[in-house]
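Worksheet: the structure to be examined is printed underneath.
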Amino acid sequence: MSLLSTEEQVKRSAKQDLYESPDYYLLDELLTEEHKLVRSSVREYVKKEISPIIEEYAQKSQFPRHLVKSLGEIGAFGPTIPVEYGGGGMDYIAYGIIMQELERGDSGIRSTASVQGSLVMYPIYAYGSEEQRRKYLPKLGSGEWLGCFGLTEPDFGSNPSGMITNIKDAGDHYILNGAKMWISNAPFADLAVVWAKDEQGIIRGMVVERGMEGFSTPETHNKWSLRASATGELVFDNVKVPKENVFPNVQGLKGPLGCLNQARYGIAWGALGAAMDCYDTALRYSKERIQFDKPIGAFQLQQKKLAEMISEITKGQLLVWRLGVLKSENRATAAQISMAKRNSVETALNIAREARQMLGGMGITGEYPIMRHMMNLESVVTYEGTHDIHLLITGMDVTGFNAFK
Ligand code: TGC
Ligand code: FAD
């Protein structure tokens with residue numbers, strides 16, 4: 001018989017990362033062998049490289065910058081971008097699986113991959129010139145360079161069309177002025193995809209490189225959420241941006257919103273990863289933690305929580321799988337993506353909160369990942385369009401009435 005208290009035994013097993021993903025409706029049967037291979041290699045990576053260190057980085061509020069190269073090596077950046085440009089050439093289910101496994105580890109790590117792949121590589125690929133693609137994509141795909149995406153401004157968050165960051169024509173270059181706020185990866189980024197208005201008031205996208213005079217990226221401190229992800233501002237003070245850095249193939253708000261479709265899709269899969277980790281942790285704990293002489297999982301109230309969690313996870317898994325099929329066939333609508341992003345994050349937040357309670361006092365410690373997931377998800381429910389903005393997008397889609405204006 002072990003001399004350790006059950007609490008101590010449970011605490012020790014927590015450190016090992018024994019994660020197993022729930023698959024209540026046998027959805028693995030819908031995956032190809034390639035999908036399963038991608039999943040097992042990313043899961044292995046998370047267990048080996050992320051789980052052992054993430055709590056410490058989050059507690060210290062530090063970005064594990066050293067992971068960027070290895071994230072590139074495992075194919076986490078731009079999985080759907082063609083191989084010749086440094087991407088993975090995979091379908092959208094594979095992309096979703098990668099985001100799910102990474103966010104199972106930590107939403108901040110998934111954020112880094114979302115931004116790099118969907119918000120930096122995607123616009124360069126979709127809207128950029130051939131020279132821009134060749135110059136930037138391979139280095140971003142391999143993790144040699146890190147990028148960030150500047151859309152939000154201090155006075156324009158949910159309504160980015162009002163942005164005041166602007167460019168003025170100065171011959172062979174533009175002069176960029178303004179500021180972006182809440183930018184993931186900014187303090188460490190080698191380059192930024194920036195959205196600014198031209199002299200006609202048309203939104204244009206461009207690549208701004210670190211080292212350009214007048215460009216700085218001050219870090220945002222004191223976050224209680226996404227503590228292992230670096231967030232910052234982008235400040236442009238008369239920055240000279242060469243004309244060849246501006247995307248030739250898109251104009252208007254549909255440029256940045258097109259990128260957000262990619263990233264929101266990844267979050268729809270990713271947030272379920274955080275939910276699955278919370279569920280898996282709470283389920284294991286409920287079988288090990290003894291109170292009133294039996295495992296707490298034997299009490300009806302705890303079973304209710306677990307049964308509801310697995311029901312919601314299963315519904316979410318079905319939704320994102322179907323969305324992935326539609327996206328791979330280029331049939332997914334922006335409104336469908338909004339619904340899935342909103343649903344997955346809400347599911348994950350509810351599960352994190354319930355799972356935290358199931359662990360009692362242990363639930364608030366860093367011995368377990370639940371509180372970290374819960375706090376991270378408070379950002380995930382806000383960025384890439386808030387919970388209410390996505391609800392209004394669905395409302396507009398089904399009624400035909402625009403409640404934004
Ligand atoms: P609206 O007039 O509706 O549309 C303007 C133009 O854009 C087109 N459009 C879209 N195109 C592609 N994808 C979409 N999802 C699109 N939604 C709209 C639209 O057809 C129109 O095109 P055109 O050709 O007619 O000009 O625009 P609006 O100003 O009324 O705004 C609509 C609204 C509120 C839905 C939109 O602005 C919005 O989604 N707001 C939320 C802002 C947001 O999500 N910000 C995210 C910033 S990035 C971020 O958070 C990264 S976190 C990364 C991480 O760490 O993981
Ligand atoms: P606001 O737009 O001011 O919204 C405040 C509240 O009002 C919200 O509850 C919102 O739902 C509500 N609201 C707004 N309009 C309406 C309406 N019409 N009807 C009803 N309610 C409404 N941005 C980037 O560009 N790049 C990044 O990399 C990035 N990373 C981020 C990382 C983190 C950690 C965070 C927290 C944010 C990040 N963002 C990034 C910004 C993010 O996208 C914005 O915070 C988000 O879009 C909301 O904007 P806001 O914070 O200005 O809130």
Side-chain angles (χ1 to χ4, degrees), residues 61 63 99 102-103 106-120 122-123 126-127 146-163 165 179-189 192-196 201-203 205 217 219-234 250-271 332-339 341-342 345 375-397 402-405:
S61 196
F63 174 53
M99 296 301 121
L102 291 180
E103 191 146 5
D106 189 79
S107 302
I109 304 297
R110 195 269 309 134
S111 253
T112 297
S114 287
V115 170
Q116 181 91 338
S118 294
L119 299 181
V120 178
Y122 175 80
Y127 313 138
L146 183 67
C148 67
F149 174 89
L151 178 64
T152 307
E153 300 189 355
D155 293 329
F156 299 94
S158 297
N159 57 340
S161 66
M163 69 174 67
T165 296
K180 301 287 176 179
M181 193 178 179
W182 296 116
I183 308 304
S184 300
N185 295 353
F188 292 88
V193 165
V194 176
W195 301 92
I202 298 169
I203 294 174
T217 59
E219 185 159 2
T220 302
H221 294 289
N222 299 331
K223 292 181 297 169
W224 283 118
S225 175
L226 284 193
R227 289 169 62 82
S229 161
T231 314
E233 294 165 51
L234 305 177
V250 79
Q251 294 195 356
L253 192 60
K254 63 177 180 293
L257 291 179
C259 308
L260 295 183
N261 292 337
Q262 301 293 111
R264 291 167 176 172
Y265 169 80
I267 293 174
W269 280 80
T333 66
Q336 286 169 335
I337 294 169
S338 281
M339 180 189 281
K341 189 265 183 184
R342 183 174 184 275
V345 182
M375 295 196 304
N376 283 342
L377 288 162
E378 292 293 342
S379 286
V380 184
V381 78
T382 293
Y383 68 33
E384 299 275 2
T386 68
H387 197 59
D388 288 340
I389 290 295
H390 289 297
L391 177 114
L392 293 174
I393 289 172
T394 306
M396 179 163 66
D397 198 45
N402 184 343
F404 292 110
K405 292 170 180 167

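Side chains included, hydrogens not; waters and symmetry mates left out as well; all remaining heavy atoms used. Both ligands and their constituent atoms are indexed starting at 1 by order of listing. Keep in mind it's a predicted model, so treat the numbers as computed, not measured.
Between V380 and E103 there is a side-chain heavy-atom pair separated by less than 4.5 Å.
At least one N or O atom of L151 sits closer than 3.5 Å to an N or O atom of ligand 2. Where the criterion is an N or O separation shorter than 3.5 Å, residue side chain and backbone included, S184 meets it with respect to ligand 2. The N/O atoms of T231, backbone and side chain alike, include none that comes under 3.5 Å of an N/O atom in ligand 2. In terms of N/O distances under 3.5 Å, ligand 2 is not approached by Y383. Remark: ligand 1 and R264 share an N or O pair separated by less than 3.5 Å (distance only, no angle test). Some N or O of F149 is nearer than 3.5 Å to an N or O of ligand 2, by distance alone. Between V115 and ligand 1, not a single N/O pair is under 3.5 Å apart. Distances between N or O atoms of N402 and those of ligand 1 include no value under 3.5 Å.
At a 4.0 Å heavy-atom cut-off, ligand 1 touches L119 through the side chain alone. When heavy-atom distances to ligand 1 are checked against a 4.0 Å cut-off, I337 has no atom that comes that close, whether in backbone or side chain. Residue-level proximity to ligand 1 for F149 is carried by the side chain, the only part with a heavy atom below 4.0 angstrom. Residue-level proximity to ligand 1 for S229 is absent, since no heavy atom of it falls below 4.0 angstrom. With a heavy-atom cut-off of 4.0 Å, F404 touches ligand 1 through its side chain alone. Residue-level proximity to ligand 1 for L257 is carried by backbone and side chain together, each with a heavy atom below 4.0 angstrom.
No donor-acceptor contact under 3.5 angstrom links the side chains of T220 and T231, judged on distance only. Counting only N and O atoms by type, the side chains of S184 and Y383 include no donor and acceptor under 3.5 Å apart.
Summarising the contacts of atom 43 (C) of ligand 1 with P256, S379, A263, G385, the nearest heavy atom is found in G385. Nearest to atom 25 (O) of ligand 2 by heavy-atom distance, out of T152, L234, V193, is T152. With A189, G157, A192 as candidates, the residue nearest to atom 52 (O) of ligand 2 on a non-hydrogen basis is G157. The closest non-hydrogen atom to atom 22 (O) of ligand 1, taken over R110, K254, Q116, E103, comes from K254. Among L392, D388, L391, the residue whose heavy atom sits closest to atom 19 (N) of ligand 2 is L392.
Of all atoms in ligand 1, listed by their number and element, those nearer than 4.0 Å to a heavy atom of S161 are 29 (O). Interface of T386 with ligand 2, defined as ligand atoms under 4.0 Å from a residue heavy atom, comprises 10 (C), 11 (O), 48 (C). Remark: ligand 2 atoms within the under-4.0 Å shell around heavy atoms of L226 are 34 (C). Remark: ligand 2 atoms within the under-4.0 Å shell around heavy atoms of I183 are 24 (C), 25 (O), 26 (N), 27 (C), 28 (O). The E384 neighbourhood of ligand 2 comprises atoms 43 (O), with distances under 4.0 Å to a heavy atom of that residue. Shown in contact with I393 at under 4.0 Å from a heavy atom are these atoms of ligand 1, numbered in order with element: 35 (C).
For the pair G108 and ligand 1, no heavy-atom separation below 4.0 Å is found.
Atom 53 (C) of ligand 1 has E384 OE2, 3.3 Å as its closest protein atom, hydrogens excluded (heavy atom only).
Using a 4.0 Å threshold on non-hydrogen atoms, atom 26 (O) of ligand 1 does not count as touching the protein.
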